[in-house]
Amino acid sequence: MKIVPKKTPMREQPPEERIKNFREVPLGYTPEEAIQEAKRCLQCKRAPCIQGCPVNIKIPKFIAKIAEGDFRGAIRVIKEDNYLPAICGRVCPQETQCEAVCTLGRKFEPVAIGRLERFAADWEYEHGVEIPPLGEPTGFRVAVVGSGPAGLTCAAELRRFGHDVVIFEALHEPGGVLVYGIPEFRLPKRIVAQEVENVRKLGVELHLNVVVGRTVTIDELFRDGFHAVFVGSGAGLPRFLGIPGESLVGVYSANEFLTRVNLMRAYLFPEYDTPIKVGRRVAVVGGGNVAMDAARTALRLGAERVMVLYRRTEAEMPARVEEVHHAKEEGVEFHFLVNPVRFLGRDGVLVGVECVRMELGEPDESGRRRPIPIEGSNFTLDIDTAIIAIGNSPHPLIPRTTPGLEVSRKGTIVADDLGVTSREGVFAGGDIVTGAATVILAMGAGKRAAYAIDRFLREKYGEKAP
Amino acid sequence: MAKILKKSALCTGIWEFIVEAPSIASKAKAGQFLIIRLHEKGERIPLTLADWDEGEGTITLVVQAAGKSTREMTERFGEGDEIRDVVGPLGTPSEIERYGTVVCIGGGVGIAPIYPIARALKSAGNRIVTIAGARRKDLLFWLDKLEEVSDELIITTDDGSFGRKGVVTEPLKELLRAGGVDRIWAIGPAIMMKFCSLTAREFGVPIVVSLNPIMIDGTGMCGVCRVEVAGETKFACVDGPEFDGAQVNWDLFLARLAMYRDLEERALKAYLGTMEERV
């Protein structure tokens, strides 16, 4: 068989079109393209991709099904290990996970595993979603805090073990970061809604507008008859730079900016009530995926210039290569080795930012070379909007209101790889444990915790609830 | 979904809604707030809790028709209708202790949220002097409720149409000058809270204010409600809404409140346009 060296390309909305709308950028494979790409898989015995996947999808097996044209079979294989494939196929960093270790990738481009996963998931939505078999009802009741990737995955897995599951979500729409953080053009909200609906169809109950820690505490959940609790409340607290002028009108946290647009649909104001203001010249501070999302959103809202200010170089940027590439295509400017030192205001309103140039020194604890300010290199940029995208901290509400729950110095809940915390029956996973990370890592944590919860329940109470 | 059980006009442009929300009613404490969203396309609006009844499983919201959403709520929502989302109680409750004599100031629609705080302070054994202020007589309400929880009730109107003519800071000054005030609580328009705080600082009496900045999620996630208190950035939704008024950076607070004024006006205009279409 002749090896095709390159991935089957996926059609995209052209940059000049897409910066005028919020529709999804990549358009997905046709069945023919999917089959063509699936045939590139070597079906190697070692299958390193499976280990590269945080939820260990049986990748060669589902790809073989696609190659045969058995798309139903493919999605069944995926869903044995991953209940949110339409999301993962879109936002997983495959290039550092499954595709990074692909055997074909040693000499050529790896198999486009993410695109194939997305294809299979989208195919299922068009042709009818199957509900997988559930375990015998056990009578155990598990509360899941947060309906983001960790919570949804944990809930789905727990249902499959036969336990009753109730998810408590603080916001008015389920999905967590998938709805408030990731923009429509990267992850359409209808996809999130469909995946959530699938989790509901498994029999998971979803209670919106419940702030655990305020409306109800974890101790009260146990009192109300839950046998275990999974906390997947995420890293919700925006970090600021701690420099002067950060509260000027026109300075946003990325969370605020993206929540207005994504969750509240401010891009459809005044049809929707929540407004958003984007000026002509926008600076986005940070180099991760959230910074890319904010920059590309600002462009779509009509900004003339969007500048990403990042204190290291392109090589150290934590954003996915694909996202940086998309941002560049769309006209986002990148200013590397630059760090803001002060926001400048007039009558309380942002008019500029003073920055300093940086150079890279010795590697720091993250392994990346530490940025050091170059003395006397300060300069000013005229801007009317700034978006701070330098990361989020864990939300303190649950640790604060749950006695006996051990918390790290950074505010994350201390939990082992299986999600076991210092409180019996309380498990945790996702960003609340790791600090801000990726969707798929949170899903992996939710899945492992579901197994640990299942084992905990059976060891403590036996096969059925007392 | 939360059902409106009762709606009544309190005075010109201010309405009381009694809403079914048992899980919130069982948890509510003085000083906390809620976020509501009227419908699918609505914005999230923070409202300080005006009252609640744990036994009945209800909460009381007092809403002044001002911007688009509050006009919509008071004009288009009535008994039997459902509010799409109600979440709470949010924020840190008031620190209710036995301070001695406490002056509770409610200005405008702020009369509503000062009531449960005065009540809680009263039952903690404090002597309560309440000052209720409004622009005119027809903007005053709940004076009977305030009377019940106050040892002394002073009423002011800007135009003198009821009670004393003038603003709330004038009786406040007299009380502070006379001495014996241990603490002040003030809820009302930002500018009123600012001047109450300046007055309190002048006399060295601690003052608690309940800030009402722009909010979105109300759970600490977006940071739009950040305020500067004693030189530090705080989130009103989780660190507040109550803060030491003498330490608040009021100019910054006022500037941030006005952040969306032009777009708020645009939304109101669009709403009023749809009203005309209906007629």
Side-chain angles (χ1 to χ4, degrees), chain A residues 169-173 176-177 180-181 207-217 220 233-240 242 246-260 263-266 268-277 345 347-349 388 392-393 395-397 400, chain B residues 1-2 21 23-24 26-27 32 34-45 67-69 72 84-91 214 216-228 233 235 238 249 251-260 262-264 266-271 273:
Chain A
E169 166 57 47
L171 293 173
H172 59 258
E173 205 174 304
V177 72
Y180 74 74
H207 293 190
L208 302 174
N209 295 319
V210 178
V211 181
V212 174
R214 288 274 186 233
T215 318
V216 65
T217 63
E220 286 163 340
S233 52
L237 222 55
R239 259 187 239 143
F240 286 93
E246 218 156 9
S247 291
L248 287 166
V249 172
V251 183
Y252 289 94
S253 74
N255 268 10
E256 180 196 348
F257 189 77
L258 293 171
T259 300
R260 280 182 184 273
L263 177 71
M264 306 309 296
R265 320 284 196 271
L268 299 172
F269 176 88
E271 185 198 342
Y272 281 73
D273 288 343
T274 305
I276 183 125
K277 262 191 192 172
D347 304 324
V349 178
I388 317 287
N392 292 316
S393 304
H395 207 292
L397 197 51
R400 250 188 229 166
Chain B
M1 293 282 201
S23 60
I24 300 174
S26 70
K27 272 296 170 65
Q32 289 188 297
L34 309 166
I35 296 256
I36 67 164
R37 195 174 73 118
L38 292 174
H39 50 73
E40 185 62 42
K41 295 181 177 176
E43 59 186 330
R44 293 171 66 97
I45 322 164
K68 192 256 172 182
S69 296
E72 191 176 14
R84 190 174 170 102
D85 301 290
V86 179
V87 58
L90 300 170
I214 295 174
I216 305 176
D217 63 290
T219 65
M221 205 184 80
C222 79
V224 65
C225 68
R226 57 196 189 276
V227 293
E228 196 183 299
T233 298
F235 289 180
V238 286
N249 180 338
D251 293 339
L252 186 66
F253 182 70
L254 286 160
R256 290 187 65 80
L257 263 186
M259 210 180 325
Y260 280 97
D262 50 341
L263 291 178
E264 285 160 3
R266 212 177 114 199
L268 180 59
K269 246 185 219 156
Y271 168 72

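Values below: every heavy atom of this structure, side chains too, minus hydrogens, waters and symmetry copies. Convention: sequence-line order gives letters A, B, ...; per-chain numbering from 1.
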Region of [X] that comes under 4.5 Å of a non-hydrogen atom in chain B:
| X | answer |
| --- | --- |
| A:V349 | neither |
| A:H172 | both |
| A:E271 | both |
| A:L248 | backbone |
| A:E169 | neither |
| A:R214 | both |
| A:L237 | both |

Looking at every non-hydrogen atom in both residues, tell me the closest pair between [X] and [Y] and how far apart they are.
| X | Y | value |
| --- | --- | --- |
| B:V87 | A:V210 | CG2-N, 4.5 Å |
| B:T233 | A:S247 | OG1-OG, 4.3 Å |
| B:R266 | A:P270 | NH2-CD, 3.6 Å |
| A:P275 | B:L263 | CB-CD1, 3.6 Å |
| A:R260 | B:I214 | NH2-CG2, 3.7 Å |

In terms of heavy-atom proximity below 4.5 Å to chain A, should [X] be classed as side chain, backbone, both, or neither?
| X | result |
| --- | --- |
| B:V227 | neither |
| B:L90 | both |
| B:N249 | neither |
| B:S69 | side chain |

To the nearest 0.5 angstrom, please state how far the [atom1] atom of [X] sits from the [atom2] atom of [Y].
| X | Y | atom1 | atom2 | value |
| --- | --- | --- | --- | --- |
| B:R44 | A:M264 | CZ | CE | 6.5 Å |
| B:M221 | A:L397 | CE | CG | 13.5 Å |
| A:N209 | B:D85 | CG | CG | 4.5 Å |
| B:T219 | A:L171 | OG1 | CG | 6.0 Å |
| A:D273 | B:E72 | CG | CD | 6.0 Å |

Partner chain A: residue of [options] with the largest heavy-atom pair count (under 4.5 Å):
| options | value |
| --- | --- |
| B:G218, B:G42, B:A255 | B:G42 |
| B:C222, B:A258, B:A267 | B:C222 |
| B:P89, B:G67, B:S26 | B:P89 |

Is [X] reaching over with its side chain to a backbone N or O of [Y], donor-acceptor style, under 3.5 angstrom?
| X | Y | answer |
| --- | --- | --- |
| A:S253 | B:G223 | no |
| A:K277 | B:M259 | yes |
| A:T215 | B:G88 | yes |

Residue pair [X] / [Y], side-chain heavy-atom distance below 4.5 Å:
| X | Y | result |
| --- | --- | --- |
| A:F240 | B:R226 | yes |
| A:E256 | B:D217 | no |
| A:E173 | B:R37 | no |

Mind running salt bridge (Lys or Arg N to Asp or Glu O under 4.0 Å) on B:E43 and A:R265 for me, showing each step along the way? CA-CA 10 Å; B:E43 59 186 330; A:R265 320 284 196 271; over 6 Å; no
